[in-house]
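The block underneath contains the structure these notes are about, expressed in structure tokens.
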Amino acid sequence: MEELRGDYDDGTVARVAAIDIAKASGMLCLRVPHDTIEGRRVQQVWNVASTTNAILELGDKLVRQGVERVVMEATGSYRRPFFYLLEARGLDCWLVNARDVKNVPGRPKTDKLDAVWLAKLAERDMVRASFVPPKAVRHLRDFTRIRTVFVQERTRHKHRVDKALQDAQIKLSDVSRTCSTGRAGPCSMHWSSANATPVPSPSWSRAVSSRRRRP
């Protein structure tokens, strides 16, 4: 942890924290007013692991420091542990667009200086928060995305099965559409162990017969 004194207080937000997030950790910069010298600020910079215990411990420390705002760049899924856990701790978390931060002249290049730069922008109110949905909406969105992935995987598996059957000269999808619409129960086939000749199951036979009787 590095502590710097002697920085002038010219910001509009008194107590801020900024996190430059990487895959396994985050570089945090904490800027608060000086305890005894009016108009001066104290800056602390240290590295925080992106584990649950480390982030919860960080949240307790920021609450004790009276931090008014925690700012972090949108870095995909890496920012989620920091944002969600610190938000659950009662802190006001801001997710800012990295493009807005880069457009401000003077941006440094290292992780440590990035965190300091982001904290200075936050205390001067020079960045704006991106929209983050409420917790209930985030959960619903995650479930919807997972279901979409599962449906896509199911479709790919059905196509693989159909291709394997087509290679074996079993034109199941040409006879009925049930194999491609997910109702695979009537499409079950019994294979003879003697000659490996496909024998339709009774349920499949009834489904084909009823389809042929239709006008």
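In this chain, numbering begins with 1 at the start of the sequence shown. For the numbers below, each heavy atom of this structure counts, side chains included, while hydrogens, waters and symmetry mates do not. Predicted model, so just to flag it, every value in this text is computed and none were measured.
Counting heavy-atom neighbours within 6.0 Å of Q65 CD, excluding the residue itself, gives a total above 12.
Between C93 and F83, the closest heavy-atom pair is CB-CE1, 3.7 Å. Nearest heavy atoms, G26 versus N47: O-OD1, 3.3 Å. Nearest heavy atom pair, residue V67 against residue A17, reads CG1-N, 4.0 Å. In this structure, F82 and S50 approach most closely via the heavy-atom pair CE1-CB, 3.8 Å.
Side-chain atoms of R138 come within 3.5 Å of backbone N or O of P133 as a donor-acceptor pair.
Between Q43 and K120 the shortest side-chain heavy-atom distance falls below 4.5 Å. Side-chain contact between V96 and L118 is present, with at least one heavy-atom pair separated by less than 4.5 Å. By the 4.5 Å heavy-atom criterion applied to side chains, V42 and R31 are not counted as neighbours. Between D92 and E68, the closest side-chain pair of non-hydrogen atoms is not below 4.5 Å. Contact annotation: the side chain of V71 never approaches that of V16 to less than 4.5 Å [non-hydrogen atoms, C-beta and beyond].
Here the CE atom belonging to M27 is positioned 7.5 Å from the CG atom belonging to D20, to the nearest 0.5 angstrom. Rounded to the nearest 0.5 Å, atoms CG (D60) and CD1 (I55) are 12.5 Å apart. To the nearest 0.5 Å, the span separating CG on L30 from CZ on R41 amounts to 9.0 Å.
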Walk me through it: do I19 and L86 pass the test side-chain contact (heavy atoms from CB on, under 4.5 Å)? CA-CA 11 Å; I19 311 175; L86 295 179; 3.8 Å; yes
Run L58 and W46 through side-chain contact (heavy atoms from CB on, under 4.5 Å) and show every step you take. CA-CA 11 Å; L58 171 64; W46 72 96; 3.7 Å; yes
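For K158 and D162, the salt-bridge test fails: no basic side-chain N is under 4.0 Å from an acidic carboxylate O.
Within the cation-pi definition used here (under 6.0 Å to the ring centroid, within 45° of the axis), R80 does not qualify as a partner of Y84.
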Can you list, pair by pair, the side-chain donor-acceptor contacts under 3.5 Å of residues 144-151, counting residues two or more places apart and other chains?
| residue | atom | partner | partner atom | Å |
| --- | --- | --- | --- | --- |
| T144 | OG1 | L140 | O | 2.8 |
| T148 | OG1 | T144 | O | 2.9 |

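In the model, R160 has a side-chain atom that pairs as donor or acceptor with a side-chain atom of H157 under 3.5 Å.
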